[in-house]
K.L.:
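Got a structure for you, written out below as structure tokens; questions coming shortly.
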Amino acid sequence: MAPRGNGGGARVVECKASEHNQELTSKTHHQQNSSSGEHLRICPQGYTCCTSEMEENFANKSRSEFEAMMKEAGRSVQATLTAQHRSFDSYFQDLLNKSEKALYDAFPSMYGELYTQNAKVFKDLYSELRRYYRSSNINLEEALNEFWTRLLERLFKLLNPQYHITDEYLDCMVKHAEQHRPFGEVPRELKVKATRAFIAARSYAQGFLVGSDVVRKVSQVSLSQECSRAIMKLMYCPHCRGMASVKPCSNYCLNVVKGCLANQADLSTEWKYLMDSLMGVADRIDGPYNVDTVIGTIHVRIAEAISNLQENKDSITSKVFQGCGNPKISTKGSSSEDKKRRGKVTLEAKSSAQALEMLVLDAKGNLTALKTYWITLPSSLCSKKMMSSSASDDKCWNGMTKGSYLPEVMGDGLANQINNPEVEVDITKPDMTIRQQIMQLKIMTNRLGNANIGNDVDFQDTSEWGRARGGEGGPSSPAACTGVPAGTAAEPWGQGGCGTWLLAWGRLSAASLWGGWRLCCSQSPAETCRDASSPSPADRAIAPVCSRVSSCCCTTR
């Protein structure tokens, strides 16, 4: 229906001005005569000054502008998360570097040959710690155990130069080391504290990067054809009606954008879980697993361990001789260097606890602000980017003319768009790129949840699970898959695997769960394997996992 009040000439003038303002100065200017609009494919038919070519230009422009708005909003979130990662990563690496430097500076004068002849052992330890933090596939506990074993072997020989100690003898000594506790309680205490601190720090740093990467990938998802038409109608059809200065009605804008970003809104639940999990681990990092106290004092604990070995050398040597026999006497004399440096030595570590506290507070503030990002994005785009009119305004663009917008605002997410009056949304076809990002959020949240209680889920994936299938990942039998209901029918495990962990390893795409795979859920003991070859909309909404990552698995038919 054509708006009343102004003549066609006035509309043409405004349309000319609109097109000039939008820099659509094409060869269509001379065609700008008011017409019935029967040629229009997107905008409402009625008196118009837009040609078919102008309408197409406006459609392309609106699409590119909306996608640019999405990317701009996403870049802001990415920048926040990346900055948080950079701040913590810099802080953590600095802690480790300072501890290593303090060791290199103090140990030569403190221990002489005990250090200089074993410098590589210490250097290798810090290298392994950095490798683990950077997500290398190593077992941190084994790396620490290896350090203490190598150090004990080297120091035992240096502290007993009058004996000829063979490799076989050292093997025997190491077997008895646990009961003799040559380094006191330091190895055990450091292993417990350091592994928890490193697991928390690594997962925490990874969480920011995963969040940023999810936003980046989701921001690149293209608009559907239906959405492109709705965005054009929202943003530029008023120009074709000679109403360039009339803003879209607020609720009208919300319905269009909620329809276009329905899949993105489905990220919200897992996104909130990720933000909450990051805040939970942040509390651990600045609390029970305090990285400042643990990481910043590694060199101090090593010095304590060496001092304990020196002080109890005679007692420990006697016990080793009792268990492994007396080694042969060597022709070399005793070390005067050792005698000079025997005695307890203490080191001090400068605390940066206040800096850590500020980092955590800043991170928690930003994470709290980002929790509702996906469900508030439509209103943010409408109010800040498109500058839509207020909901009560009866002089706004309602998609047809200038007037009130009566339809109710749809809810958030794909399922709530079934009756969207502005965008035709097929709720049975979720966007697989976004579903894969939902999976990534689930995996990362699960990892953070384990880190919160001191468990290294990455290590579990690559050892216990991996060895069971020859290093390929996945348990060796259906019973080993967490949460598989009793009585679930499944083919031999050699033909399948735990779909959740395969997804986590990147060995199986979310899309390949359709057809040929069964999704096993553990929401209740009564549930059994769900046939995923012909999924219902409800099944698609929960695929590729039913609940948390640890509660599902897949087997082939």
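Treat the numbers as computed from the prediction; the structure is a model and nothing was measured.
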K.L.:
Using only atom types and a distance under 3.5 Å, with no angle test, would you say the side chain of R447 pairs donor to acceptor with the backbone of S203?
P.N.:
no
K.L.:
Are L278 and L448 close enough that some pair of their side-chain heavy atoms sits under 4.5 Å apart?
P.N.:
yes
K.L.:
Is the backbone N or O of S87 less than 3.5 Å from a side-chain atom of S90, with the two atoms forming a donor-acceptor pair by type?
P.N.:
no
K.L.:
Any side-chain heavy-atom pair from D89 and R86 closer than 4.5 angstrom?
P.N.:
no
K.L.:
CG/L356 to OG1/T293 distance, rounded to the nearest 0.5 angstrom?
P.N.:
8.5 Å
K.L.:
Counting N and O atoms only, with roles assigned by atom type, does the side chain of T376 sit under 3.5 Å from a partner on the main chain of T372, one being a donor and the other an acceptor?
P.N.:
yes
K.L.:
Looking only at heavy atoms, which two atoms of G454 and I199 are closest? And how far apart?
P.N.:
O-CD1, 3.6 Å
K.L.:
For E65 and Y236, does a side-chain donor sit closer than 3.5 Å to a side-chain acceptor?
P.N.:
yes
K.L.:
Between F198 and F92, does the ring centroid distance fall short of 6.0 Å?
P.N.:
yes
K.L.:
Does E67 come within less than 4.0 Å of R63, counting only side-chain N to carboxylate O?
P.N.:
yes
K.L.:
What distance do L261 atom CG and D431 atom CG have between them, rounded to the nearest 0.5 Å?
P.N.:
11.5 Å
K.L.:
Do other residues, nucleotides or ligands put more than 12 heavy atoms under 6.0 Å from E424 CD?
P.N.:
no
K.L.:
Considering all heavy atoms of both residues, which atom of S268 and which atom of I375 are nearest to each other, and what is their separation?
P.N.:
OG-CG2, 3.4 Å
K.L.:
Assess whether side chain to side chain contact (heavy atoms under 4.5 Å, CB included) is satisfied between S64 and N60, documenting all intermediate values.
P.N.:
CA-CA 6 Å; S64 62; N60 293 333; over 6 Å; no
K.L.:
Quick one: closest heavy-atom pair of Q84 and L359, and the distance?
P.N.:
OE1-O, 4.3 Å
K.L.:
Less than 3.5 Å apart, any donor N or O on the side chain of E422 or Y405 sitting next to an acceptor on the other?
P.N.:
yes
K.L.:
I'd like to know if the side chain of T82 and the backbone of A79 have a donor-acceptor N/O pair within less than 3.5 Å.
P.N.:
no
K.L.:
Please state whether the rings of Y91 and F88 are parallel, tilted or perpendicular, taking 30° and 60° as the class boundaries.
P.N.:
tilted
K.L.:
Going by ring-ring contact (aromatic ring centres under 6.0 Å, His included), name the residues that satisfy it together with Y132, two or more places apart in sequence or in a different chain.
P.N.:
none
K.L.:
Could you work out, with ring-ring contact (aromatic ring centres under 6.0 Å, His included) as the rule, every residue matching Y373, not counting sequence neighbours?
P.N.:
none
K.L.:
For K217, which residues count as a salt bridge (charged side-chain N to carboxylate O under 4.0 Å, His left out) partner, sequence neighbours excluded?
P.N.:
D213
K.L.:
Could you check Y273 against L441 for side chain to side chain contact (heavy atoms under 4.5 Å, CB included), going step by step and ending with a plain yes or no?
P.N.:
CA-CA 8 Å; Y273 284 144; L441 292 174; over 6 Å; no
K.L.:
Can you find a pair of side-chain heavy atoms, one from V221 and one from M70, that are under 4.5 Å apart?
P.N.:
no
K.L.:
Please step through disulfide bond (SG atoms under 2.5 Å apart) for the pair C43 and C237, ending with a clear verdict.
P.N.:
CA-CA 5 Å; C43 294; C237 282; 2.0 Å; yes
K.L.:
Inspect the contact between R229 and E226 and indicate whether a charged nitrogen and a carboxylate oxygen are less than 4.0 angstrom apart.
P.N.:
no
K.L.:
Once rounded to the nearest 0.5 Å, what's the spacing between atom CG of N366 and atom CG of L361?
P.N.:
11.5 Å
K.L.:
Hey, could you give me the CG/CD distance between L381 and E72, rounded to the nearest 0.5 Å?
P.N.:
9.5 Å
K.L.:
Could you state the interatomic distance from CG (N255) to CG (N420), rounded to the nearest 0.5 Å?
P.N.:
5.0 Å
K.L.:
Less than 4.5 Å apart, side chain to side chain, heavy atoms only: is that true for Q264 and K258?
P.N.:
no
K.L.:
Validate the cation-pi geometry between R284 and Y289: distance from NZ or CZ to the six-membered ring centre under 6.0 Å, angle to the ring axis within 45°.
P.N.:
yes
K.L.:
Can you check whether V218 reaches T433 side chain to side chain, under 4.5 Å on heavy atoms?
P.N.:
no
K.L.:
Would you say the side chain of S379 lies within less than 4.5 Å of the side chain of L254, judging by non-hydrogen atoms?
P.N.:
yes
K.L.:
For D286, is there any backbone N or O sitting under 3.5 Å from a side-chain donor or acceptor partner on D292?
P.N.:
no
K.L.:
Identify, with sequence neighbours excluded, every residue that meets salt bridge (charged side-chain N to carboxylate O under 4.0 Å, His left out) alongside E55.
P.N.:
none
K.L.:
For K402, is there an ion pair with D394 - N to carboxylate O distance below 4.0 angstrom?
P.N.:
no
K.L.:
Mind checking salt bridge (charged side-chain N to carboxylate O under 4.0 Å, His left out) for K193 and listing every partner two or more places apart, or none if nothing turns up?
P.N.:
none
K.L.:
Closest heavy-atom contact between Y252 and A230?
P.N.:
OH-O, 4.5 Å
K.L.:
Let me see the working for H239 and F58 under side chain to side chain contact (heavy atoms under 4.5 Å, CB included), right down to the final yes or no.
P.N.:
CA-CA 9 Å; H239 293 248; F58 275 133; 4.0 Å; yes
K.L.:
Check whether any side-chain N or O of E142 sits under 3.5 Å from a backbone N or O of I138 as a donor-acceptor pair, and report yes or no.
P.N.:
no
K.L.:
Are L81 and V77 side-chain neighbours, meaning at least one heavy-atom pair lies under 4.5 Å?
P.N.:
yes
K.L.:
Might you point out which heavy atoms bring A73 and L377 nearest each other, and give the distance in Å?
P.N.:
CB-CD1, 3.9 Å
K.L.:
I'd like to know if the side chain of N251 and the backbone of P407 have a donor-acceptor N/O pair within less than 3.5 Å.
P.N.:
no
K.L.:
Between S212 and Q78, is a side chain to side chain contact (heavy atoms under 4.5 Å, CB included) present by the stated rule, with each step listed?
P.N.:
CA-CA 5 Å; S212 178; Q78 287 178 253; 3.6 Å; yes
K.L.:
To the nearest 0.5 angstrom, please state how far the CG atom of L267 sits from the CG atom of L274.
P.N.:
11.0 Å
K.L.:
Return yes if some donor-acceptor pair links the side-chain N/O of T80 with the main-chain N/O of S76 below 3.5 Å, else return no.
P.N.:
yes
K.L.:
Within the structure provided, determine whether R435 and N263 are in side-chain contact (heavy-atom separation under 4.5 Å).
P.N.:
yes
K.L.:
Only counting residues at least two apart or in another chain, list the ones meeting side chain to side chain contact (heavy atoms under 4.5 Å, CB included) with A265.
P.N.:
D412
K.L.:
Which heavy atom in K395 sits nearest to a heavy atom in V246, and how many Å separate them?
P.N.:
O-CG1, 3.5 Å
K.L.:
Under 3.5 Å, side chain of W397 to main-chain N/O of M243, donor-acceptor pair present?
P.N.:
no
K.L.:
Does any N or O in the side chain of S228 come within less than 3.5 Å of the main-chain N or O of S224, such that one atom is a donor and the other an acceptor?
P.N.:
yes
